[in-house]
Amino acid sequence: MDKRKVWREQEQQLVERWKAASDRYRDAQTEISRGHPLEGDAVSAEDPVIRARTARAELEAMRKQIARLKAEFSNGKRY
């Protein structure tokens, strides 16, 4: 398989993951801003704060991956 085709597919997958994580983060932030009360001390997986933190962590991990791809591109290792 052509290297460029593989690189393009990797970049497209990264863009799709970024958009999905951004949407999850935005939706969780919207719920938080609406003021959904937490039910006592019980914290569920559906808690918007937890979902926002998880999405934010995923975005940070992708930022590092993007920086690595940019460095590879700048050094001539891609394309």
Side-chain angles (χ1 to χ4, degrees):
M1 194 179 264
D2 183 25
K3 277 193 212 180
R4 290 182 183 187
K5 185 176 181 180
V6 172
W7 292 337
R8 282 188 216 112
E9 289 173 0
Q10 289 174 344
E11 291 164 1
Q12 186 59 38
Q13 289 172 355
L14 185 62
V15 168
E16 290 170 7
R17 286 178 41 221
W18 179 272
K19 287 180 182 179
S22 295
D23 290 343
R24 287 193 305 274
Y25 182 71
R26 185 177 51 248
D27 292 344
Q29 287 294 338
T30 301
E31 280 188 51
I32 291 168
S33 68
R34 288 183 190 158
H36 287 281
L38 294 177
E39 298 176 11
D41 291 334
V43 180
S44 69
E46 293 300 316
D47 181 15
V49 175
I50 293 173
R51 285 187 289 140
R53 287 180 185 159
T54 303
R56 186 74 176 159
E58 188 177 351
L59 288 170
E60 289 300 320
M62 282 188 275
R63 277 193 178 104
K64 291 177 184 177
Q65 188 176 3
I66 290 168
R68 184 177 49 80
L69 293 176
K70 285 176 73 174
E72 287 178 2
F73 181 78
S74 296
N75 292 331
K77 294 180 181 177
R78 280 186 175 254
Y79 301 98

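Keep in mind it's a predicted model, so treat the numbers as computed, not measured.
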If you apply the rule side-chain contact (heavy atoms from CB on, under 4.5 Å), what do you find for Glu58 with Arg24, and how did you get there? CA-CA 10 Å; Glu58 188 177 351; Arg24 287 193 305 274; 2.4 Å; yes

Are Arg4 and Glu11 ion-paired here, with the side-chain N under 4.0 Å from a carboxylate O? no

With the 4.5 Å side-chain cut-off for hydrophobic clustering, are Leu14 and Leu59 part of the same group? yes

Hey, could you give me the CZ/CG distance between Arg53 and Asp47, rounded to the nearest 0.5 Å? 8.0 Å

Residues Asp23 and Arg26 bridged, charged N to O under 4.0 Å: yes

Taking all heavy atoms of Ala55 and all of Ala21, pick out the closest pair and write down the distance. CB-O, 3.7 Å

What are the two closest non-hydrogen atoms of Pro48 and Ala28, and how far apart are they? O-CB, 3.4 Å

Test log, rule side-chain contact (heavy atoms from CB on, under 4.5 Å), inputs Ile66 and Lys70: CA-CA 6 Å; Ile66 290 168; Lys70 285 176 73 174; 4.1 Å; yes

Enter the distance from Asp2:CG to Glu9:CD here, rounded to the nearest 0.5 Å. 10.0 Å

As an exercise, state the distance from CE of Met62 to OG of Ser22, rounded to the nearest 0.5 Å. 7.0 Å

What I want to find out is whether Glu72 reaches Arg68 closely enough, with some N-O distance under 4.0 Å, to be called a salt bridge. yes

Ring-face cation of Arg78 near Phe73 (centre distance under 6.0 Å, axis angle within 45°): no

Check the pair Val6, Lys3 against side-chain contact (heavy atoms from CB on, under 4.5 Å), reporting the backbone distance first and the verdict last. CA-CA 5 Å; Val6 172; Lys3 277 193 212 180; 5.7 Å; no

Going from OG1 on Thr54 to CZ on Arg56, what distance comes out if it is rounded to the nearest 0.5 angstrom? 13.0 Å

Is there a donor in the side chain of Gln13 and an acceptor in the side chain of Arg8, or the other way round, less than 3.5 Å apart? no

Ring pair (Phe, Tyr, Trp, His ring centres under 6.0 Å) partners of Trp7, counting only residues at least two apart: Tyr79

Is the count of non-hydrogen atoms from other residues, nucleotides or ligands lying under 6.0 Å from Arg63 atom CZ greater than 12? yes

